[in-house]
Number of protein chains: 2
Amino acid sequence: MSSKALSIKDIAKKANVSITTVSFILNGKAVEKNISTAVIEKVEKIIKEDGFKPNQVARSLRTGSSKIIGLIVEDISNPFFAGIARLIEDKAYKKDYKIIYSSTENQPGKAKDLINLFKSRQVDAYIISPAGGTEEEIQGLIKEHKPVVLFDRYLPGLNANYVGVDNFKASYQATEHFIHRKKKNIALVTVDLSVEQINERSEGHRQAILDYELPFHAELVIRIPFAQPKEETIQQLIHFFNQYAEIDAVLFATNYLAISGLTALKQMDKAIDKDFSVIAYDDGEVFKLHTPQISAVEQPLEEIAENIINLIFQQLSADQLPAPQKVILAAKLLVRSS
Amino acid sequence: MSSKALSIKDIAKKANVSITTVSFILNGKAVEKNISTAVIEKVEKIIKEDGFKPNQVARSLRTGSSKIIGLIVEDISNPFFAGIARLIEDKAYKKDYKIIYSSTENQPGKAKDLINLFKSRQVDAYIISPAGGTEEEIQGLIKEHKPVVLFDRYLPGLNANYVGVDNFKASYQATEHFIHRKKKNIALVTVDLSVEQINERSEGHRQAILDYELPFHAELVIRIPFAQPKEETIQQLIHFFNQYAEIDAVLFATNYLAISGLTALKQMDKAIDKDFSVIAYDDGEVFKLHTPQISAVEQPLEEIAENIINLIFQQLSADQLPAPQKVILAAKLLVRSS
DNA sequence: ATCTGTTAATAAAACGTTTTAGCAAAATCT
DNA sequence: AGATTTTGCTAAAACGTTTTATTAACAGAT
């Protein structure tokens with residue numbers, strides 16, 4: 001009944017031609033290789049009738065390529081990454097490429113494993129939101145002339161393709177927005193990871209305050225440990241907000257910190273209003289539907305995905321890799337409440 | 001410099017042993033095959049030093065298995081699926097399995113493509129949230145004795161492993177909750193897909209109303225077209241709520257419908273309070289942080305993922321496939337406001 | 001009639017593994 | 001001392017493709 005899957009050999013036998021002939025036809029090289037139309041039609045008919053699909057694994061082994069793009073993100077259940085993944089998948093699918101993805105959970109060990117795994121699967125290209133400590137592996141890929149695009153996170157040591165937003169500017173503008181609204185004590189809630197992306201967000205906050213010649217209160221910057229359970233973060237933030245009652249504005253450096261922060265404020269029964277403003281990083285339904293609506297720094301998902309996939313295909317179709325490009329996109333401040 | 005990747009042949013040459021010996025050592029069959037410890041150590045040393053990783057593609061071709069599990073969902077950017085994906089990935093990773101995922105967008109064509117693609121990649125097992133119209137393909141997989149687990153959606157014709165929640169009951173209980181609160185006109189906002197899962201949700205709503213001998217108003221059930229842009233849905237719902245001012249409670253049959261619904265209500269300036277209650281399907285941050293908090297039917301993500309992966313590994317390790325199991329889990333009604 | 005070139009097809013090697021079957025030397029048994 | 005078993009290792013086939021030569025037949029040119 002179910003038996004084995006068909007192979008090119010079965011088709012060849014059935015059509016009374018050689019394996020080679022079938023292969024040429026499968027790969028559209030039939031005319032170029034002078035196969036007669038009679039044979040082409042006969043073979044194509046059999047292929048269609050029997051529903052033969054070539055074994056991609058064998059094909060990969062022979063050709064060294066796989067039509068697969070590896071996507072490595074920090075956490076696929078983070079809406080930012082899930083959104084990017086979905087958009088990239090869409091665009092890749094149209095060019096007949098598939099995506100393998102995996103989450104690193106920000107563990108260099110896991111990230112390295114993943115890169116090696118993808119390598120041994122002969123993935124054709126890599127899209128990576130890199131965890132720190134994976135520089136050598138990524139450099140290795142580049143050395144081997146594999147198409148690579150980094151996104152979201154930038155690793156300073158690497159000369160690789162990169163797509164990201166101008167975090168410094170985004171954060172600067174958010175802070176500036178607060179300053180224009182006469183805020184004096186602008187807190188920053190950020191995360192305890194020393195990756196460029198996060199550092200830039202801190203810097204933007206600081207620089208804006210300094211540029212406008214306001215006093216910079218270092219104690220109003222709180223760095224939440226990355227792996228800390230959510231409940232603990234909430235408690236920590238409640239304590240933070242209580243301790244510094246002078247805070248009149250808060251910038252959250254990530255999506256999930258904003259959510260924890262809003263939860264904390266809700267538990268404290270602290271109103272978000274003209275005396276206490278909030279801006280979140282990365283927009284989401286949560287912020288739009290919140291009462292009051294929460295302003296947010298919106299990363300242009302579609303644009304990011306578009307640029308990533310373009311860079312990838314650019315590399316895939318070039319004979320030799322073009323010089324690495326850095327695409328820095330502008331984030332947009334969505335002002336919702338005052 | 002970068003050269004080609006190492007092969008088992010290179011290692012064999014360097015160690016002055018045969019390819020076979022290296023292979024046995026790689027696969028932990030060294031002792032069983034009477035390889036001397038001296039040779040084992042020598043070879044392992046070289047493998048480690050040179051950082052040799054066997055080519056998984058070649059391995060797959062030879063063995064017919066890939067250590068890859070295919071995951072097919074409707075949309076990876078839906079938090080429900082992203083959450084499941086992440087949990088499954090975690091658990092699979094621990095057993096040295098990887099995930100390939102893709103989104104079907106509920107198009108049978110794309111779903112079929114994906115199944116075929118995974119097949120030709122020699123994926124070891126399939127986790128599918130099936131689109132309607134893919135019955136034959138899935139039946140085909142089962143015929144070929146491939147491990148398969150369906151989840152979320154159930155296809156009635158198929159005798160396959162399945163993990164899902166009791167949608168009828170969940171919906172029934174949500175409606176019952178409204179009835180206990182003396183609601184008379186309980187609307188249902190659902191989607192225009194005739195999949196079991198959605199039908200059951202409608203049925204639960206209807207049955208509860210009938211069981212409590214309330215009049216069932218068919219016009220209070222609105223079915224939103226699946227592919228309709230969000231903005232249109234919102235307008236449609238505004239119109240719906242205005243048209244039937246008697247509505248005193250609404251059950252949303254999906255996550256994203258609830259979000260559109262809340263947006264509609266916000267635009268209408270309609271308060272959610274004791275005179276107008278709401279329950280959403282699938283919990284999320286949005287509902288917890290909403291003012292007032294929104295009650296929700298929570299699907300037990302962790303439990304679902306756990307059951308899926310267990311069923312998969314059960315099948316992977318059995319010599320012959322065990323009889324299909326259906327695991328129906330209970331959803332939980334999280335009551336938040338009245 | 002021989003040479004040249006084109007047309008239509010194929011045989012065989014290669015990709016990097018796993019695995020079957022087998023062989024020589026050493027160890028054990030009779 | 002010869003027969004048998006165990007130890008330690010390997011040659012070669014196989015997995016299903018793609019691709020490089022190669023061939024055989026025939027047409028056209030000399």
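A, B, ... follow the sequence lines: proteins, then strands. Residue 1 opens every chain.
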Q. So B:Tyr101 and A:Tyr101, would you call those rings parallel, tilted or perpendicular, with 30° and 60° as cut-offs?
A. perpendicular

Q: Fit a plane to each ring of B:Phe118 and B:Tyr126, take the angle between them on a 0 to 90° scale, and name the class: parallel (under 30°), tilted (30 to 60°) or perpendicular (over 60°).
A: tilted

Q.
Tell me if the NZ atom of B:Lys14 is crowded by more than 12 foreign heavy atoms within 6.0 Å.
A. no

Q: Tell me, yes or no, whether the heavy-atom count around B:Lys146 atom NZ, taken from other residues, nucleotides or ligands under 6.0 Å, exceeds 12.
A: no

Measure [atom1]/[X] against [atom2]/[N] and give the value in whole Å, please.
X        : N      : atom1 : atom2 : value
B:Asn55  : C:dG16 : CG    : C1'   : 6 Å
A:Gln122 : C:dC15 : CD    : C1'   : 8 Å
B:Ile11  : C:dT17 : CD1   : C1'   : 14 Å
B:Leu61  : C:dC15 : CG    : C1'   : 9 Å
B:Glu32  : D:dT7  : CD    : P     : 13 Å
B:Leu6   : C:dT17 : CG    : C1'   : 15 Å
B:Lys53  : C:dG16 : NZ    : C1'   : 17 Å
A:Ile8   : C:dA11 : CD1   : P     : 14 Å

Q) Could A:Arg86 and B:Asp75 be called an ion pair, given the rule that one side-chain N must be under 4.0 Å from one carboxylate O? A) yes

Q: Under the salt bridge (Lys or Arg N to Asp or Glu O under 4.0 Å) rule, what do A:Glu136 and A:Lys143 come out as? Steps first, then yes or no, please.
A: CA-CA 10 Å; A:Glu136 319 90 82; A:Lys143 271 244 177 63; over 6 Å; no

Proximal nucleotide (of [options]) relative to the [X] side chain:
X       : options                : answer
A:Phe52 : D:dC9, D:dT17, C:dT19  : D:dT17
B:Ser18 : D:dT19, D:dA11, C:dT17 : D:dA11
B:Ile35 : D:dC15, D:dC9, C:dT17  : D:dC9
A:Lys33 : D:dC15, D:dT20, D:dT19 : D:dT20
A:Ala58 : C:dG16, D:dT17, D:dC9  : D:dT17

Q) Looking at D:dT17, does its base get a donor-acceptor pair with the side chain of A:Arg62 below 3.5 Å? A) no

Q: Assign each of B:Thr63 and B:Val17 to its nearest nucleotide of DNA chain D by heavy atoms, then name whichever residue's nucleotide is nearer the 5' end.
A: B:Val17

(Q) Do B:Asn116 and B:Glu137 pair up side chain to side chain, a donor and an acceptor below 3.5 Å, judged on atom types alone? (A) no

Q) Between A:Ser18 and A:Thr21, is any side-chain donor less than 3.5 angstrom from a side-chain acceptor? A) yes

Q: May I ask you to list the residues of residues 36-49 of chain A, by number, that have any heavy atom positioned under 4.0 Å from an atom of DNA chain D?
A: none

Q) What residues in residues 19-27 of chain B put a non-hydrogen atom under 4.0 Å from any atom of DNA chain D? A) B:Thr20, B:Thr21, B:Phe24

Q. Which heavy-atom pair separates B:Pro108 from B:Gly132 by the least distance, and what is that distance?
A. CG-O, 3.4 Å

Q | Under 4.0 angstrom between B:Lys29 side-chain N/O and C:dT18 OP1 or OP2 | A | no

(Q) Counting the atoms with a prime plus P, OP1 and OP2 as sugar-phosphate, which does B:Asn34 contact under 4.0 Å by heavy atoms, base, sugar-phosphate, or nothing? (A) base

Q: Please step through side chain to side chain donor-acceptor pair (under 3.5 Å) for the pair B:Ser66 and B:Gln56, ending with a clear verdict.
A: CA-CA 7 Å; B:Ser66 60; B:Gln56 298 296 337; over 6 Å; no

